[in-house]
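Presented below is the structure to which this report refers.
We name chains A, B, ... by the order of the sequence lines, and we start the count at 1 in each one.
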2 protein chains.
Amino acid sequence: MTTTPSETRESEHPVLSRRERTRAATIEEIKETALRLMHEQGTTDLRFSDIAREMGMTAPALYRYFADRDELLTALIADAYDDLAVAVEEARSQVPVEDPTGRWHAVSQAYRAWASREPQQFALIFGMPVPGYVAPDAGPTTEACRRAIGALKALFFEAMAQGVLGRPLIREVGESFATALQEDHDAKHADEPVIEPETFQSMLQCWASLHGFTSLEAYGHLQFLPEEARDTLFEANVRLTAITAGLPLPADPSKQE
Amino acid sequence: MTTTPSETRESEHPVLSRRERTRAATIEEIKETALRLMHEQGTTDLRFSDIAREMGMTAPALYRYFADRDELLTALIADAYDDLAVAVEEARSQVPVEDPTGRWHAVSQAYRAWASREPQQFALIFGMPVPGYVAPDAGPTTEACRRAIGALKALFFEAMAQGVLGRPLIREVGESFATALQEDHDAKHADEPVIEPETFQSMLQCWASLHGFTSLEAYGHLQFLPEEARDTLFEANVRLTAITAGLPLPADPSKQE
DNA sequence: TCGTGTTTGTTATGACGCATAACTTCATCG
DNA sequence: CGATGAAGTTATGCGTCATAACAAACACGA
C-alpha cells in the first residue's frame, strides 16, 4: 500500500501555493460534476465530454487533471469508500458506547441510507467492475472493504469489552476461518484486542445480511414491496441479525426506531 | 453446460421452416459468443465488433438479429434469469420434499455456485443497470425477481404444508408488509395456499442474507478470506438462516455438508 | 517593468464503436 | 425458372476517448 503515486489527498496545507489550490479546486469540481451526472443519468457511466461541457470546458482539458477515464474512476471509487466510511462511522458515534445494539442499528441505517441516497457510488464500490475499468491492483478493493467493516468491528469490540456480547447462534467455526482471522489481526491491527473467531464470523454474517438487503433495495429489486414494507423488513432484519450475533437486547425499548 | 440449445422457451411452434431454424441458431450463437466474451473479459461490457469478428462476420450483420445493443442485453438478461431459475429449481428438486432444510441448503448452494460460476450474468441480473442500458419498463426486473425467489417460496410452502415449519425468530410484521403480501398473492398466485406474513418476511430475510454473501463473494469483496474460510462461512450462514426462519433441524446430522 | 518558463486551456486529428444506408448474394417458394 | 426477400457486405455519419500541436494566462526573478 501507500503507493498511490498521483494521490494528493487530504495532505495538510503546509505550503499551498495559489496554483495548487485552484488546481485542487478544479479536481474537486470535476469529481463533483462527474458524480452529479452519474446521479442524474442513473448509471456509473461517465463521459469526459459531458463533464467538460457541464463545466464550461472542452474535453481534452480534463486530461490535465486525470490521465484517463480509469484514473478519474479510481478517484471516485476512493472517495466513495471515504464517504461510506465517514457516514457509517459518524452514525456509530452518535449512539452511546454502552448500547452496542443501538450502534448496530445506527450503523445499519447509515449503510442503507447511504446506498439509497447514492446508489451509483454504492455500485462503484460493491458492484461489478465498470466496463473498461481495471482495478490498479488487488489493494484498494480489499483495503476499502476492510474500512467499510471497520465500524462493525469496532462495534463488536466495544460490546465484547463491556462483557455484554452474548455468544452467537452459530458457534462452530471452520479452522481455516480462525487462521484467516489470526493473520488479519497480525497484519493490520496488532494493537487491537483479539476477537473471537465465532464473533468475527457472526459479524461477517451481520454484514452479509445487511449488504444483501441494501443492495437488493438500492438496485430496485425490492420495488414490489412498498417503501413502508421495506422499512419494516429492514428493521426486522437488523433486529434479527443483532439477536443471532449475540448483541444484547436494548434496555430501553422506546429507543427502537 | 448452460447452453440449452435451440429452444428453452417457445417449444410451442413445432413447425419451423429451415430459415427460421438457422435464424434461431444464429441468434443463439450471438448470445453464446457475447456471454463467452463477457466471461473472458470479466465485464458486462460487450462490443458488436468483437462478437461479429469472433463469429467471422461483420458488425452490421448483427443488426439483422438485434435492433441495438440494448436489445441484445435485454435478451441476455432474460436468459440469465432463466439460467438462475433453472439452476435453483433443479437443485431444489434433487432433495426430497420431506427435508425442507436440505432443500434450503441445496437452493442456497446452487445460488452461490451459479453466481460464482457466472459473475457476469449475476451482475446483469442483480447489478446496476449497465451503462447505456435502460430497462424496457419496470416489468422484467420485478418479474424476474419473483422468479428468482420462486423456488424459495415453494420451499417454504412445502415445509408449511408438512407442518414442520416452526415460527421464525422475528414475528412482528409491519401491516403494510402484510397488505403487500396479500396483493402479491391475489395478483399472481391465487391458486397457491396463503403464506403467513411472518413466514414471507423471514423468507425474504433468508434471501437477503444469501444474496449478500453471494454478491460480496462474486464481486471479490471476500477475497481477504481464503476459499476454505468462505466455504465454512457460507455453510454457517445457511444454517443460521434456516434456524432463524424456523426451518426444522435436519433429522440426519450426517447429511450436513 | 519585462522576459522566460510553466500551467492551463484551446483546436486539430486519429482511432474506434454504434448505428444506418445502399448494395450484393443467394436461398426459398410460387 | 424467376421473383422475392432474407442475410451479408462495404460505405458513411456521428460521438467518444485520447493525443498532439498550439495559444493564452500566470508566476517569478533579474
| query | Taking the six-membered ring for Trp, are B/His211 and B/Trp207 parallel (under 30°), tilted (30 to 60°) or perpendicular (over 60°)? | reply | tilted

| Are the side chain of A/Thr26 and the backbone N or O of A/Thr22 linked by a donor-acceptor pair below 3.5 Å? | yes

| query | Ignoring hydrogens and geometry, is there a side-chain-to-backbone donor-acceptor pair from A/His39 to A/Arg117 under 3.5 Å? | reply | yes

| field | Partners passing ring pair (Phe, Tyr, Trp, His ring centres under 6.0 Å) against B/Tyr65 (at least two apart in sequence or in another chain) | value | none

| B/Phe66 CZ - C/dT20 C1' separation (whole Å) | 19 Å

| remark: In terms of heavy-atom contacts, B/Glu217 and B/Ser116 come closest through OE1-OG, 3.7 Å

| remark: note: B/Arg69, atom CZ; C/dT20, atom P; distance rounded to Å ~ 13 Å

| remark: Its 5'-most and 3'-most nucleotides having an atom under 4.0 Å from a non-hydrogen atom of chain B, DNA chain D is contacted over D/dG5 to D/dA11

| Base versus backbone protein contacts along nucleotides 2-10 of chain C [heavy-atom cut-off under 4.0 Å; B, S, -] | ----BSBBB

| message | Can you classify the ring geometry of A/Phe126 versus A/Tyr81 as parallel (below 30°), tilted (30 to 60°) or perpendicular (above 60°)? | response | perpendicular

| note | Sorted by chain and residue number, the side-chain hydrogen bond (donor to acceptor under 3.5 Å, both in side chains) partners of B/Glu54 (sequence neighbours excluded) come out as B/Arg36

| Any side-chain heavy-atom pair from A/Met128 and B/Phe122 closer than 4.5 angstrom? | no

| field | side-chain contact (heavy atoms from CB on, under 4.5 Å) against A/Arg21, all qualifying residues, sequence neighbours excluded | value | A/Leu16, A/Arg18

| task | Identify whether the distance between the nearest side-chain nitrogen and carboxylate oxygen of A/Arg92 and A/Glu89 falls below 4.0 Å. | result | yes

| field | DNA chain D-proximal residues of residues 46-53 of chain A, any heavy atom under 4.0 Å | value | A/Leu46, A/Arg47, A/Phe48, A/Ser49

